[in-house]
Amino acid sequence: MTTPGASSLDHLVVGCADLARGAAWLERFLGVTLGPVGQHALMGTHNRLLSLGPDCYLELIAIDPAAPPPSSPRWFGLDTLDVQERIAQRPRLIGWVARTNDITGLDTKIGSALGTVQTMSRGDFRWRITMPNDGHPIEGGLVPHMIQWDVPTHPCERLPDQQCRFTWMEAAHPNPAKVEYLLDELGLAKRLVITSSPPYSGMTMCAYVQTPSGTKTLMS
């Protein structure tokens with residue numbers, strides 16, 4: 001799915017405080033049905049997926065109250081007060097993940113900017129993913145986690161096509177050039193349209209998804 005040296009959108013990450021309630025909200029909002037529940041034992045989280053086409057998908061994720069807490073911060077900032085406050089009322093777009101076929105090379109190129117590369121699994125899926133060391137999303141989630149799948153089958157190949165399609169993403173940041181530089185270094189130039197926001201105003205992001213009932217906007 002990814003040509004040598006290239007990076008591309010792998011999936012959008014929507015966080016929620018409770019997976020069952022979050023799934024009910026998101027299914028009403030999008031007008032489709034999410035996939036079954038999956039668990040991430042190492043992160044103490046669980047999720048449900050939705051196909052957004054042949055090569056990307058949406059992940060709804062939450063802390064799994066039945067799982068033991070991990071020994072390190074959970075991904076996508078789920079342990080941080082900022083993310084927890086944002087998802088307390090309804091699901092929110094909290095980040096995205098981009099696919100590469102050379103995560104080792106990217107890690108060497110970017111250094112500590114992405115954190116560390118960790119090996120993960122869910123069922124028979126295996127992958128490596130970059131993880132910020134402090135658990136805080138990079139630039140508020142505008143800079144993605146990078147992933148390399150270590151199995152021949154991508155999750156999209158097992159998800160039913162419900163005629164939902166990712167169209168584009170945009171964001172606002174007080175220093176767009178900083179994010180644009182990092183995205184360019186990751187091979188993701190222009191994958192995220194970034195405009196300038198007032199100083200100290202924080203970062204915002206939204207993604208547009210075409211559904212059978214029209215275009216829906218997922219907000220951060």
Side-chain angles (χ1 to χ4, degrees), residues 1-2 7-17 19 22-23 25-35 37-38 40 43 45-63 74-78 83 86-87 90-100 114 120 122 125 127 129-132 137-149 154-173 179 182-183 186-188 190-194 203-220:
M1 289 185 182
T2 304
S7 300
S8 61
L9 171 67
D10 191 79
H11 60 278
L12 304 176
V13 181
V14 176
C16 61
L19 190 63
W25 184 94
L26 191 60
E27 288 178 336
R28 288 195 303 270
F29 180 66
L30 298 177
V32 295
T33 301
L34 301 177
V37 177
H40 309 108
M43 284 286 107
T45 56
H46 52 178
N47 69 355
R48 294 181 67 179
L49 307 183
L50 171 71
S51 170
L52 296 180
D55 56 6
C56 66
Y57 63 95
L58 180 153
E59 175 182 28
L60 179 69
I61 192 168
I63 292 174
R74 292 179 177 89
W75 42 22
F76 310 117
L78 286 170
V83 170
R86 284 161 52 200
I87 65 178
R90 64 171 178 81
R92 298 274 186 177
L93 181 67
I94 58 174
W96 58 300
V97 177
R99 185 168 59 252
T100 179
L114 298 178
M120 296 287 173
R122 180 176 66 82
F125 288 114
W127 67 93
I129 188 169
T130 58
M131 297 280 289
I138 301 172
E139 300 301 327
L142 273 58
V143 175
H145 291 252
M146 300 300 296
I147 192 170
Q148 180 168 347
W149 293 95
H154 187 269
C156 285
E157 297 176 48
R158 299 186 186 179
L159 295 172
D161 186 354
Q162 301 196 60
Q163 302 304 311
C164 291
R165 296 292 183 270
F166 167 80
T167 54
W168 63 299
M169 290 189 295
E170 62 180 347
H173 189 282
V179 179
L182 287 171
L183 294 180
L186 295 171
L188 295 164
K190 303 188 185 305
R191 297 284 184 176
L192 179 65
V193 179
I194 308 174
M203 290 78 78
T204 59
M205 179 169 56
C206 60
Y208 300 92
V209 175
Q210 184 66 38
T211 76
S213 58
T215 299
K216 306 293 183 178
T217 306
L218 299 168
M219 302 292 296
S220 65

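- Cation-pi check for Arg158 over Phe125 is met; the charged atom lies under 6.0 angstrom from the ring centroid and within 45 degrees of its normal.
- Residues satisfying the ring pair (Phe, Tyr, Trp, His ring centres under 6.0 Å) test with Trp127, not counting sequence neighbours, are Trp149.
- Looking at heavy atoms from C-beta onward, Val179 lies out of side-chain contact with Met203 at the 4.5 angstrom threshold.
- Note: Ile194 CD1 to Met169 CE = 9.5 Å, rounded to the nearest 0.5 Å.
- You'll find the side chain of His40 reaches within 4.5 Å of the side chain of Trp75, heavy atoms only.
- At least one donor-acceptor pair closer than 3.5 Å links the side chain of Arg48 to the backbone N or O of Gly35.
- One N or O on the side chain of Thr167 and one on the backbone of Tyr208 form a donor-acceptor pair closer than 3.5 Å.
- Atoms CD1 and OG, on Ile147 and Ser7 in that order, are 12.0 Å from each other to the nearest 0.5 Å.
- Looking at Asp161 and Pro54, their side chains never come closer than 4.5 Å, going by heavy atoms from C-beta outward.
- For the atom pair OG of Ser51 and CG of Leu34, the computed distance is 11.5 Å after rounding to the nearest 0.5 Å.
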Between Val143 and Leu114, is a side-chain contact (heavy atoms from CB on, under 4.5 Å) present by the stated rule, with each step listed? CA-CA 9 Å; Val143 175; Leu114 298 178; 4.2 Å; yes
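- Put simply, CG on Asp55 and CD on Glu157 are 10.5 Å apart, with the number rounded to the nearest 0.5 Å.
- Residues Leu186 and Thr100 have side chains not in contact (no heavy-atom distance under 4.5 Å, counting atoms from C-beta outward).
- Here NE2 of His46 is found 9.0 Å from CD1 of Ile63. Values are rounded to the nearest 0.5 Å.
- Side-chain contact between Ile94 and Pro137 is absent, with no heavy atoms from C-beta onward closer than 4.5 Å.
- With a 4.5 Å cut-off on side-chain heavy atoms, Met205 and Glu139 do not count as touching.
- Within the 4.5 Å cutoff, side-chain heavy atoms of Val97 are placed close to those of Phe76.
- Counting heavy atoms from C-beta outward, Ile87 and Leu78 have side chains that approach closer than 4.5 Å.
- Judged purely by atom type and a 3.5 angstrom limit, Arg92 has no side-chain atom pairing as donor or acceptor with the backbone of Val83.
- The side-chain contact (heavy atoms from CB on, under 4.5 Å) with Trp96 is formed by just one residue from the set Glu59, Arg191, His145; it is Arg191.
- Counting only distance, with no hydrogens or angles, the side chain of Arg99 and the backbone of Ser8 share no donor-acceptor pair below 3.5 Å.
- Atom CG of Leu12 is separated from atom SG of Cys56 by 6.5 Å, given to the nearest 0.5 angstrom.
- Panel note: side chain Arg122, backbone Asn47; no donor-acceptor pair is recorded below 3.5 Å.
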